[in-house]
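One structure below.
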Amino acid sequence: MHKDIQEILLTSDQIQARIRELGQELLRDYGDKNPVFVGVLKGVVVFYADMIRAFDAHCQLDFMWISSYKGTQSTGTMNVRQDVSADLTGRHVVILEDILDSGRSLQFTRDHLISKGAASVKICTLLDKPEGRAEGFDIQADYVGFTVPNAFVVGFGLDYNEKYRNLPYVGVLKPEVYEKKENP
Ligand code: 5GP
Ligand code: MG
């Protein structure tokens, strides 16, 4: 698995240090609000587990599962595969995401959660790829872990065809991995 990585962009230690800082920022803004952290599955799970433990106050956990992506190319169409379970009426919601790229997923998710009557909806993303934003999707995250270049990254929850999510760092795949056929 590690041999498929061309370059490590963010080490495990760098990510953990930044998550601790984000935890402090969120605590300052939401410490007395009992926010609902809505994780967008599946890519967020690794970041999510660390992020909630860096938030040292009451909070509620919830998840949404949307799908839009095939390989390295977005299909552009959004589906809610699994909706949140909590009643969000009047609640302060923070969406947790692995990466903000074209902006389609987060715009869709944010609009969806606002329509459920949340008092506020903010976005916290581990990675932001500003150069990837699609036309008409000038969405910005309120809390950003790291800004990354316009390359396809894997690890720390992010996959390529469902692999590499368990890498403890964020890296760039070697080009030959894309060229190879799927194998188990
Ligand atoms: P967006 O809707 O902003 O284009 O993309 C958001 C989703 O696309 C992310 O949650 C992630 O699943 C996927 N995605 C976007 N860029 C990358 C990337 O560089 N690597 C991986 N593994 N997934 C990405
Ligand atoms: Mg995702």
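Numbering starts at 1 and runs along the sequence shown. What you see is a predicted model; the values in this text were computed from it and never measured. Ligands are counted one by one from 1 in listed order, and the atoms in each one are counted from 1 as well.
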I'd like to know whether ligand 1 has Asp159 as a neighbour, heavy-atom separation below 4.0 Å. yes
Tell me whether Phe152 reaches ligand 1 (any heavy atom closer than 4.0 angstrom to a ligand atom). yes
Under a 3.5 Å threshold, yes or no: a donor from one side chain and an acceptor from the other, between Asp87 and Thr89? yes
If the cut-off is 4.0 Å to any non-hydrogen atom of Leu158, which atoms of ligand 1 fall inside it? 21 (C), 22 (N), 23 (N)
Quick one: list whatever passes side-chain contact (heavy atoms from CB on, under 4.5 Å) with Arg18, sequence neighbours left out. Glu21, Leu22, Glu25, Phe146
Going by heavy atoms in the side chains, are Arg165 and Leu158 under 4.5 Å from each other? no
Is there a nitrogen or oxygen of Tyr160 sitting under 3.5 Å from a nitrogen or oxygen of ligand 1? no
Ile5 side, atom CD1; Tyr164 side, atom OH - distance, nearest 0.5 Å: 6.5 Å
Testing the 3.5 Å rule here: is there a donor-acceptor pair between the side chains of Tyr160 and Asp4? no
Can Val170 be reached from Val144 by stepping across I, L, V, M, F, W or Y side chains whose heavy atoms are under 4.5 Å apart? no
Scan for salt bridge (Lys or Arg N to Asp or Glu O under 4.0 Å) pairs involving residues 53-64, sequence neighbours excluded, and state none if there are none. Asp50-Arg53
What atoms in ligand 1 come closer than 4.0 Å to a heavy atom of Ser102? 1 (P), 2 (O), 3 (O), 4 (O)
Numbered atoms and elements of ligand 1 in range of Glu97, under 4.0 angstrom, heavy atoms: 10 (O)
Which ligand 1 atoms are under 4.0 Å away from a heavy-atom of Ala151? 19 (O)
Quick look: Ile99 vs ligand 1, heavy-atom contacts under 4.0 Å, and the answer is both
Looking at Lys129, which atoms of ligand 1 are within less than 4.0 Å of one of its heavy atoms? 16 (N), 17 (C), 18 (C), 19 (O)
Within the structure, is a non-hydrogen atom of Gly103 found at a distance of less than 4.0 Å from ligand 1? yes
Mark up the atoms of ligand 1 that fall under 4.0 Å of a heavy atom belonging to Val153, in ascending order. 18 (C), 19 (O), 20 (N), 21 (C), 22 (N)
Does atom CD (Glu135) have a neighbourhood of more than 12 heavy atoms from anything else shown, all under 6.0 Å? no
Ala134 heavy atom under 4.0 Å from ligand 1: no
